[in-house]
Amino acid sequence: MTTTLPPPESLVLTSAKHTRALFATDFAIAPLDDTTAHKSLLSCKLRSEYDSVRELPPALAAKIEGAAKKRKTTASSAAKKPLAGVEDGVDAGTQKLLEGIPASNAGGGSVALSLRSKAAGSGFLPGAAGPGAGSSLVRKDAFQPIKPAWHAPWKLMRVISGHLGWVRALTVEPNNQWFATGAGDRTIKIWDLASGSLRLTLTGHISTVRGLAVSPRHPYMFSCGEDKMVKCWDLESNRVIRHYHGHLSGVYALALHPTLDVLVTAGRDGVARVWDMRTRTNVMVLGGHQGTISSLITQEADPQIITGSMDSTIRLWDLAAGKSMAVLTHHKKSVRALCSHPKEFTFASGSADNIKQWKCPEGAFMQNFEGAGGIVNTLAVNEDDVLFSGADNGEMCFFDWKSGYRYQRLDTTAQPGSLDAELGIFCSTFDKTGLRLITGEADKTIKIWKQDETATEETHPLEWKPTLQRRRQF
């Protein structure tokens with residue numbers, strides 16, 4: 001006959017009871033009262049749950065300390081907030097037990113485990129941001145929307161015809177005397193900026209010209225195209241003096257480094273190639289994108305190269321290390337356009353879903369520019385904080401760079417006799433003064449836009465209403 005033993009926990013409990021009953025009279029072991037037992041239980045639970053977060057991390061503590069110095073009045077009033085009582089719905093027994101629990105970090109000043117009344121608001125941490133913080137985590141100040149600056153509306157100034165194909169590339173000469181355009185007719189044309197007259201036509205590419213750049217330190221102009229060619233033009237003799245061979249497919253983007261004598265090109269093969277301008281050596285190949293690189297910008301400080309790709313990502317490259325510093329995956333569609341602000345250490349990216357603003361060097365997201373429709377093919381920004389976007393459906397949008405507010409939207413003027421499908425805007429740039437906007441379009445024309453000199457804040461008021469939506473992050 002087999003007997004089933006009770007569980008071990010029951011046997012241990014029974015043994016403990018027998019032991020207490022046996023030795024209680026000899027050693028005067030007093031029975032524990034319920035209050036002490038409850039207090040010990042609550043203390044153990046609090047230590048187990050919150051002891052690891054009783055003290056803030058050093059970085060967060062330093063941030064709070066700095067905020068406390070700026071808000072001495074708020075900090076002192078927050079420290080004097082009364083503990084919650086029975087009238088606030090807190091159980092009196094629990095309140096008494098909490099008051100009796102000693103803190104392991106005595107003198108640390110942490111009141112993260114204190115019960116506070118609803119009216120106490122920001123009494124959890126000294127220097128917490130504003131009333132109603134109600135959390136041991138630091139909250140930022142209440143969001144204040146940025147009021148956009150007033151900008152005069154833009155209007156069409158001049159239409160220039162001459163190309164026989166879509167105008168796909170634009171660049172303005174550093175002295176602001178002329179600008180160059182590249183198109184689907186395989187030619188590069190140089191135009192006088194003041195009069196709009198044709199100065200020169202350069203031939204040599206055997207396919208669409210997709211990128212142009214003029215060196216500010218050398219008498220050179222660089223071009224790239226869908227024929228896999230990258231050419232260096234001598235502007236004194238108006239002929240090609242160097243070729244850069246290495247791309248396996250069409251080259252869609254080209255940029256010159258502002259201080260180094262290097263050229264960066266990228267295209268359908270998904271890599272950005274860094275060339276020594278003089279020796280034509282391919283000094284670096286920046287690989288990582290999974291699709292066509294359609295846009296490229298360079299700048300002096302890290303990240304010195306930024307690329308946008310059809311794989312919906314943006315990569316920030318460390319030129320010294322030859323590798324990617326960060327990959328931005330916020331966009332859901334192909335990134336077709338990039339532009340950097342001439343004064344701020346920020347840049348913008350355009351896609352079919354929206355336009356986003358980023359902060360260098362880490363590539364932190366700042367805000368969205370809302371209101372652009374269509375697939376954004378080109379972006380341009382000037383020193384007056386005007387951001388322009390051009391789309392494949394001919395839509396032109398002008399934004400205030402600081403606030404992200406779209407203050408003007410218009411449709412491009414189609415060339416008479418062109419198709420409705422030829423409304424796309426492929427490239428754009430501001431001249432060196434920022435007062436003229438040049439666009440290259442699908443109707444084979446170049447259009448120059450300027451701001452309306454007669455417009456004032458009274459004739460064109462700013463139709464802006466603040467919203468509670470958090471947009472700008474920095």
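In this chain, residues are counted from 1 in sequence order.
Closest of all the heavy-atom pairs between G394 and I425 is O-CD1, 4.1 Å. R186 and V209 get closest at one heavy-atom pair: C-CG2, 4.1 Å.
S351 contributes no side-chain N or O that, together with a main-chain N or O of N354, makes up a donor-acceptor pair within less than 3.5 Å. Of the possible donor and acceptor atoms, one in the side chain of N382 sits under 3.5 Å from a partner among the backbone N and O of D384. Side chain of Q290 to main chain of G288: a donor-acceptor pair is present (N/O by atom type, distance under 3.5 Å, no hydrogens or angles). Of the possible donor and acceptor atoms, none in the side chain of S334 sits under 3.5 Å from a partner among the backbone N and O of S312. Between the side chain of S309 and the main chain of D311, a donor-acceptor pair closer than 3.5 Å is present. Panel note: side chain T433, backbone L435; a donor-acceptor pair is recorded below 3.5 Å.
By the 30° and 60° cut-offs, the orientation of the rings of F179 relative to W191 is parallel. Note on ring orientation: taking the six-membered ring where Trp is involved, the planes of Y220 and F222 are perpendicular (angle over 60°, cut-offs 30° and 60°). Ring-plane geometry between W358 and F365 is classed as perpendicular, the angle between the planes exceeding 60 degrees on a 0 to 90 degree scale with a lower cut at 30.
Under a cut-off of 6.0 angstrom, the local environment of NZ in K228 is sparse, with at most 12 non-hydrogen atoms contributed by other residues, nucleotides or ligands. The local environment of CZ in R239 is sparse, with at most 12 non-hydrogen atoms from other residues, nucleotides or ligands closer than 6.0 Å. Within 6.0 Å of the CZ atom in R268, the count of heavy atoms belonging to other residues, nucleotides or ligands does not exceed 12.
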Candidate pair I375 and R336, rule side chain to side chain contact (heavy atoms under 4.5 Å, CB included), full reasoning: CA-CA 8 Å; I375 300 173; R336 295 171 177 265; 3.2 Å; yes
Candidate pair K333 and D353, rule salt bridge (charged side-chain N to carboxylate O under 4.0 Å, His left out), full reasoning: CA-CA 6 Å; K333 301 292 181 68; D353 49 3; over 6 Å; no
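With sequence neighbours excluded, no residue forms a salt bridge (Lys or Arg N to Asp or Glu O under 4.0 Å) with R315. Partners of R217 under the salt bridge (Lys or Arg N to Asp or Glu O under 4.0 Å) rule, at least two apart in sequence or in another chain, are D261. Partners of A169 according to the side-chain contact (heavy atoms from CB on, under 4.5 Å) rule, which considers only residues two or more places apart in sequence or in another chain, are L212. Listed by chain and number, the residues in a salt bridge (Lys or Arg N to Asp or Glu O under 4.0 Å) with E173 amount to none (sequence neighbours excluded). V214 is linked by a side-chain contact (heavy atoms from CB on, under 4.5 Å) to T171, P174, W178, M221, L235, counting only residues two or more places apart in sequence or in another chain.
Under the 4.5 Å side-chain criterion, counting only non-hydrogen atoms from C-beta, T439 is not in contact with I446. By the 4.5 Å heavy-atom criterion applied to side chains, I314 and H331 are counted as neighbours. No side-chain heavy atom of H341 sits less than 4.5 Å from a side-chain heavy atom of Q357. In this structure the side chain of L338 never reaches within 4.5 angstrom of the side chain of L379, judged on heavy atoms. For the pair W233 and N238, the minimum side-chain heavy-atom distance is 4.5 Å or more.
In this structure, R168 satisfies the cation-pi test against F426, with its NZ or CZ atom closer than 6.0 Å to the six-membered ring centre and inside 45 degrees of the ring normal.
A side chain to side chain contact (heavy atoms under 4.5 Å, CB included) with K155 holds for exactly one of Q408, E453, Q451; it is E453. Just one of H163, Q415, K447 meets the side chain to side chain donor-acceptor pair (under 3.5 Å) condition when paired with E441; it is K447. Evaluated for a ring-ring contact (aromatic ring centres under 6.0 Å, His included) with F369, the options F388, F399, Y407 yield exactly one hit, F399.
Between K402 and E344 there is a salt bridge, since at least one side-chain N of the basic residue sits less than 4.0 Å from a carboxylate O of the acidic one. A salt bridge does not link D318 with K323: every distance from a Lys NZ or Arg NE/NH1/NH2 to an Asp or Glu carboxylate oxygen is 4.0 Å or more. Using a 4.0 Å cut-off between charged side-chain N and carboxylate O, R406 and E370 make no salt bridge.
Listed by first and then second residue, the ring pair (Phe, Tyr, Trp, His ring centres under 6.0 Å) pairs that reach into residues 247-303 are Y244-W275, sequence neighbours excluded.
Taken to the nearest 0.5 Å, the CG atom of D411 stands 7.5 Å off from the CG atom of L423. Distance check: K359 NZ to Q367 CD gives 14.0 Å after rounding to the nearest 0.5 Å. Atom CE of M229 and atom NE2 of H243 lie 5.5 Å apart (nearest 0.5 Å).
Between W401 and F347, the distance from one ring center to the other does not fall under 6.0 angstrom.
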